[in-house]
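Worksheet: the structure to be examined is printed underneath.
So you know, we letter chains A, B, ... as the sequences are listed, proteins then strands, and number each from 1.
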Number of protein chains: 2
Amino acid sequence: MIEMYLLEQLDALAQHGTLIAASEILHITQPSMSRAMRKLEETIGVPLFEHKGNRLTLNEYGRIAAEYARRILDSQDEMVSRIRALERSKRTILLGSCAPGPLMELPSLLSSLYPDLTISTELRTEEELLTGLSEHVYQMIILIHKPENANIRAHLCGEEHLFCGLPLSHPLAKKKAISFSEMDGENFLMASEVGFWDQVVRTQMPHSRFLLQNDPSALSELVSSSSLPSFATDITLRLYGRMADRAFIPFSDTAAITQYWCCCRKEEELKYLAWFQLLERRANTA
Amino acid sequence: MIEMYLLEQLDALAQHGTLIAASEILHITQPSMSRAMRKLEETIGVPLFEHKGNRLTLNEYGRIAAEYARRILDSQDEMVSRIRALERSKRTILLGSCAPGPLMELPSLLSSLYPDLTISTELRTEEELLTGLSEHVYQMIILIHKPENANIRAHLCGEEHLFCGLPLSHPLAKKKAISFSEMDGENFLMASEVGFWDQVVRTQMPHSRFLLQNDPSALSELVSSSSLPSFATDITLRLYGRMADRAFIPFSDTAAITQYWCCCRKEEELKYLAWFQLLERRANTA
DNA sequence: ATCACTTACGGGTGACGTAAAAATC
DNA sequence: GATTTTTACGTCACCCGTAAGTGAT
């Protein structure tokens, strides 16, 4: 029987080259590793190491052992995280989104539908969300592109339209609509956690600079005391109202409008059937 | 970090149902297992068991953990046996054969070609030999059918012809050839380790009985003092000569003649190139 | 009463750390 | 002399076994 700590130490040695480096990573002393590696060698009964000068290196067999060690450690990690995630998914819905907008409205709806479950949310990139969903990290994710993956089921769950917030004194403040190119070059005040919108505005207005503020209320104060343009969306305007001293003008570009897809793993679609039906009704009444 | 002994005990529990049964298999006491399972549960942080009456059973999470445990233990075993087999294969050639004939001639030839290597032999079924070869248990195997597997290279390495040994007083002792059907129903003295020949004679002479003798010299004595028919082959006759008081008559059936294929894994064909060239020369001069 | 598991306690293996030596650069 | 590994020794964690206890059949 080869214990896991031996494989862990072998793996660390393979990755860091020397006993000292590996032992520092594992927070054990170097003699301890020296002993452990000898023990591993004796257990297998085949030499795994070579002494090259004052360095201990893996030989052909050691490298094979290290590959197995890596794989075994990986499956051990996977086992633990898989079980924990599964257990948690019985108690909570972790909802990941690529934009903050859906996270302002959907969690409370989820809560009312599933009162026994805890609803948590995270803001991540679409790529992170997709891998996280398949790895059972997320129970649901909100994307702006409908995923092609056959193991994922997607339902439309709303849309969002980007607005430009301008002080009333701004020359364009009276317009009914505005384009990114008209505003390109102006400096904006912006919340720092806006998900994919960050990418959108930087791409559409490459000559603009964006002053980020993490705290929403601080941002709000800054905006009202500043003459810099800001952002809003139909969702934020609906939920938080319009500032009296600002004009909010929709961007006319198609890049300023997005649809959101609420996705879950195929095998959980039935579990969330009521939820997707609620989204359906909500879309029809909107 | 989940140590291997915990996974081993979980696996045993999953396979045997109760702590007591599992602990007996592992040769540890039952309280020790009880503690270990609780420790595993605490480490993962998710309940893995249910108390059904006075029995401890795996719940949904426990069953998942047990699956992982099984896989991890398997790869750990594979790691050790793979490394040991690889190391051994550097020092020895383990030659498996489905018949004893080739093992009477080939090992000494191998020895003279590879004087630094230890040559060991085993008699097994073709099926066992094929899996053993792919799992690096054998470096070479001798089969009577050319294998189809693309990862295996086969070279002809000789043939063998079955003879019938008869006392000179036997009515058929003067014949030049003999068929299985002529002998069907007679009882034979036979060596017990004859590989696939066992199958051949039992199939071809279903009404005969075969008295097995494990020790070759004992068999030889029995044969010379008995009037029962016996077996020989061209190989045994060449190597050990003919008994003066017996006639050795070839069986005429095609089932009495076989070709032998010497096989190695594809990736080792170059390593044994000299050997296969020797077999080639030997076949041509024969 | 029997069976399966849990709790309690003591013992011994062995994994770790510290200190110092050996070997290579 | 600096770096890396090995050796030596003491300590403590923890895994196991024994024995008694609890609960279900």
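Remark: C1' of dA4(C) and CG of Leu56(B) are 9 Å apart, rounded to the nearest angstrom. Taking atom CG on Leu6(A) and atom P on dG14(C), their separation rounds to 12 Å, with Å as the unit. Per the geometry, CD1 belonging to Ile20(A) stands 17 Å off P belonging to dA23(C), to the nearest Å. Taking atom CE of Met4(B) as the reference point, atom P of dA15(C) lies 14 Å away to the nearest angstrom. If you take CG of Leu40(A) and P of dG14(C), they are 16 Å apart, rounded to a whole angstrom. Distance CZ (Phe49(A)) to C1' (dA23(C)): 18 Å, rounded to an integer number of Å. When rounded to the nearest whole Å, the span between CE of Met1(A) and C1' of dT13(C) equals 17 Å. A straight line from CD1 of Ile28(A) to P of dT18(C) spans 12 Å, rounded to a whole angstrom.
Between Glu60(A) and Lys90(B) a salt bridge is recorded (basic side-chain N to carboxylate O distance below 4.0 Å). Salt bridge absent: Arg71(B) and Glu67(B) never bring a charged side-chain N and a carboxylate O closer than 4.0 Å.
Residue Glu3(A) is out of contact with every strand shown, counting any heavy-atom pair closer than 4.0 Å. Thr29(A) comes within 4.0 angstrom of a base, heavy atoms only. Within the nucleic acid shown, Arg35(A) comes within 4.0 Å of at least one base atom, counting heavy atoms only.
Comparing atom distances between the Pro31(A) side chain and each of dC3(C), dT6(C), dT18(C) picks out dT18(C) as nearest. Considering only side-chain atoms of Lys39(A), the nucleotide from dA4(C), dA15(C), dT6(C) that sits closest is dA15(C).
For DNA chain D, the outermost nucleotides in 5' to 3' order that have an atom under 4.0 Å from a heavy atom of chain B are dC15(D) to dT25(D).
Distances shown here put every side-chain N or O of Gln30(A) at or beyond 4.0 Å from the OP1 or OP2 atom of dA20(C). Regarding contacts with the backbone of dC25(C), every side-chain N or O of Arg55(A) stays at 4.0 angstrom or more from both OP1 and OP2. Here Ser34(B) reaches the OP1 or OP2 of dT6(C): one of its side-chain N or O atoms lies under 4.0 Å away.
Sequence order on DNA chain C of the closest nucleotides to Leu19(B) and Gly53(A) puts Leu19(B) first from the 5' end. If Gly17(B) and Met33(A) are placed on DNA chain C by their nearest nucleotide, the residue sitting closer to the 5' end is Gly17(B).
Of the possible polar contacts, one joining the Ser112(A) side chain to the Leu109(A) backbone as a donor-acceptor pair under 3.5 Å is found. Using a distance-only test at 3.5 Å, with no hydrogens or angles considered, a donor-acceptor pair links the side chain of Glu128(B) to the main chain of Thr125(B). Remark: the backbone N or O of His145(B) is paired with a side-chain donor or acceptor of Glu126(B) at under 3.5 angstrom. Panel note: side chain Arg265(B), backbone Leu133(B); a donor-acceptor pair is recorded below 3.5 Å.
Judged by distance alone with a 3.5 Å cut-off, a donor-acceptor contact links the side chain of Asn54(B) to the base of dC3(C).
Between Phe196(A) and Tyr260(A), the ring-plane angle classifies as perpendicular under the 30° and 60° cut-offs.
Counting only heavy atoms from C-beta outward, the side chains of Trp197(A) and Met190(A) never approach each other to under 4.5 Å.
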